[in-house]
Trainee: 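Next up is a structure, given as structure tokens.
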Amino acid sequence: MIYDFIMYTSSMEFKTIIEPFKIKSVEPLAITTPEDRKEFLEREHWNLFGLQSQEVTIDLLTDSGTGAMSSEQWAAIMRGDEAYAGSHSWQRFNKVLSELTGYKHIIPTHQGRASEKILATITVKEGDIIPSNSHFDTTRANFEAALATPVDLLCKEGLDLLTPAPFKGNIDLEKLEALLDSEDVDKIPFVLMTITNNTGGGQPVSMENLKAVKTLCEKYNKMFLLDACRFAENAWFVSQREESYKDVEIREITKEAFRLADGCTISLKKDGFGNIGGVLAFNDDALAEAAKNVLILTEGFPTYGGLTGRDLDALAQGLIEITDRNYLEYRARSISYLAEKALEYGIPIVQPAGGHALYIDAKTFLPHIPPHQYPGHSLACEIYLIGGVRAVELGTLAFGVAGEDGKNDTPATHELVRLAAPRRSYTQSHFDYVAEVLEKLVEKKDTLKGYEITYQPKLLRHFTAKLKPIS
Ligand code: F0G
């Protein structure tokens, strides 16, 4: 096996994997004091989503839409053709995505969840079941809104957070076949594989697993779709960890993965290298027509979706740049570097490090804070208080079920904190700074307190809930 859980073999002759770009335009970072940060968080009732960006020094809330664009992308922006129908920008976008994915119909949307909404509208009906390795929150919510049941069939290695394995994003093939072979088979409109598996810790899916899903879908005559937001990061891990792909170009791995499926949804705010954008793509003519009919009602004409011409052009360029091996190596290395530091300090993390983020296991790290007092939230607040670094809780605050009449919440399966790296935005010294914040976190770990909610909305409470530390 060519795979090593932490170290990646660099193609370069140096130990240091440098950022494979230089900086042309800079934005100042907010440098704040501990007193400022406490005041900001108190003002926002201890909810990190309430902070203004100028109050955050290193923003690791998400890897979505926040990547710095290249000079070629900015040049593409100037080329943007804003014709309502059939613009040059659309033609470039369509050509790049057609070549990359091989799908017959490319349908632009303003972001991933708009593609999901259209997909749910045209393919999903009440009572349907949609199997996946893991559904992302918005995907799940869109299928649930169509009164269907999304089911996660993550492989058993993926369920074990702290033990490393090469492809922890895989689907459990036995469970998938059991479902396809059950009396529920007619309720399944398609199988959806998320690459990489964001909900499962940014873990990759092997080509072997994707091929086996294709075989099962053929056997049971089901459509096979990809949620391919991080298709290039997935291909990078395949090139590092799957023996038969070690000499294959990243772009070729990517093309092969898309061609195993019958269509995809993509949020182009991730591996599209864009600030905004999405796509829905199919081979099937009738589905594409149905999708375009909804698109015209909700997003726009089929040659722009919800995007400007300049967005389409920047994305077309981004989709060419994203499969650069040097970039992907630097990206994976940034995250695994942070993971090595966290492990050195004794912080329990999802292992191995994911493609776009480091995930801390707050349940293991803070055993003195029970799930209904939100250990992940406590950790995320402390990371901000120590160094102005913004992370996100993915635990009981985000996914638990609120307890009624003063009862405790039903906890989420895991209590994670995600530190997601925006693409091409931060340098090695920024990651060193984040590592130092984590080191200080360990010193304070036993003093951390749980939180209680003082206000919460009914849906998606973590975005706007008000909290206070339990004294
Ligand atoms: N699918 C996956 C796997 C995602 O990670 C996301 C977004 C979406 C779909 C929805 O795309 O935001 O363009 O509508 N993930 C972001 C995150 C928000 O922070 O993980 P979108």
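Whatever order the structure lists them in is the order used to number ligands and atoms, beginning at 1.
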Trainee: Say whether T196, considering both its backbone and side-chain N or O atoms, lies within less than 3.5 Å of an N or O atom on ligand 1.
Mentor: no

Trainee: Main chain of L61, side chain of R418: is a donor-acceptor contact present, judged purely on distance under 3.5 Å?
Mentor: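 Checked: pair present.
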
Trainee: If you measure every N or O of S64 against every N or O of ligand 1, does any of those distances drop under 3.5 Å?
Mentor: no

Trainee: Just to be sure I'm reading this right: ignoring hydrogens, which of Q111, E116, H110, K269 gets closest to atom 9 (C) of ligand 1? Compare them by their nearest heavy atoms.
Mentor: E116

Trainee: Heavy atom under 4.0 Å from ligand 1: found in H135's side chain, backbone, both, or neither?
Mentor: neither

Trainee: Can you find an N/O atom of R113 closer than 3.5 Å to an N/O atom of ligand 1?
Mentor: yes

Trainee: Ligand 1 versus T194, non-hydrogen atoms closer than 4.0 Å: side chain, backbone, both, neither?
Mentor: side chain

Trainee: Short list, please: which atoms of ligand 1 are under 4.0 Å from a heavy atom of G112?
Mentor: 11 (O), 13 (O), 14 (O), 21 (P)

Trainee: Is the terminal nitrogen or CZ of K214 (NZ for Lys, CZ for Arg) located under 6.0 angstrom from the six-membered ring centre of F224 and within 45° of that ring's axis?
Mentor: no

Trainee: Measure from the ring center of H45 to the ring center of Y455 and say whether it is less than 6.0 Å.
Mentor: no

Trainee: Would you mind listing which atoms of ligand 1 come within a distance below 4.0 Å of any non-hydrogen atom of R230?
Mentor: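 Counting from 1, the qualifying ligand atoms are 3 (C), 4 (C), 5 (O), 20 (O).
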
Trainee: Is the centre of the F463 ring less than 6.0 Å from the centre of the F49 ring?
Mentor: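 When the ring centroids of F463 and F49 are compared, they turn out to be within the sub-6.0 Å range.
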
Trainee: Less than 6.0 angstrom separating the ring centers of Y327 and F273, yes or no?
Mentor: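 They qualify: ring centres under 6.0 Å apart.
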
Trainee: With a distance cut-off below 6.0 Å to the six-membered ring centre and an angular limit of 45° from the axis, does R333 pair with F431 as a cation-pi contact?
Mentor: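 The answer is no, since R333 fails at least one limit relative to F431.
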
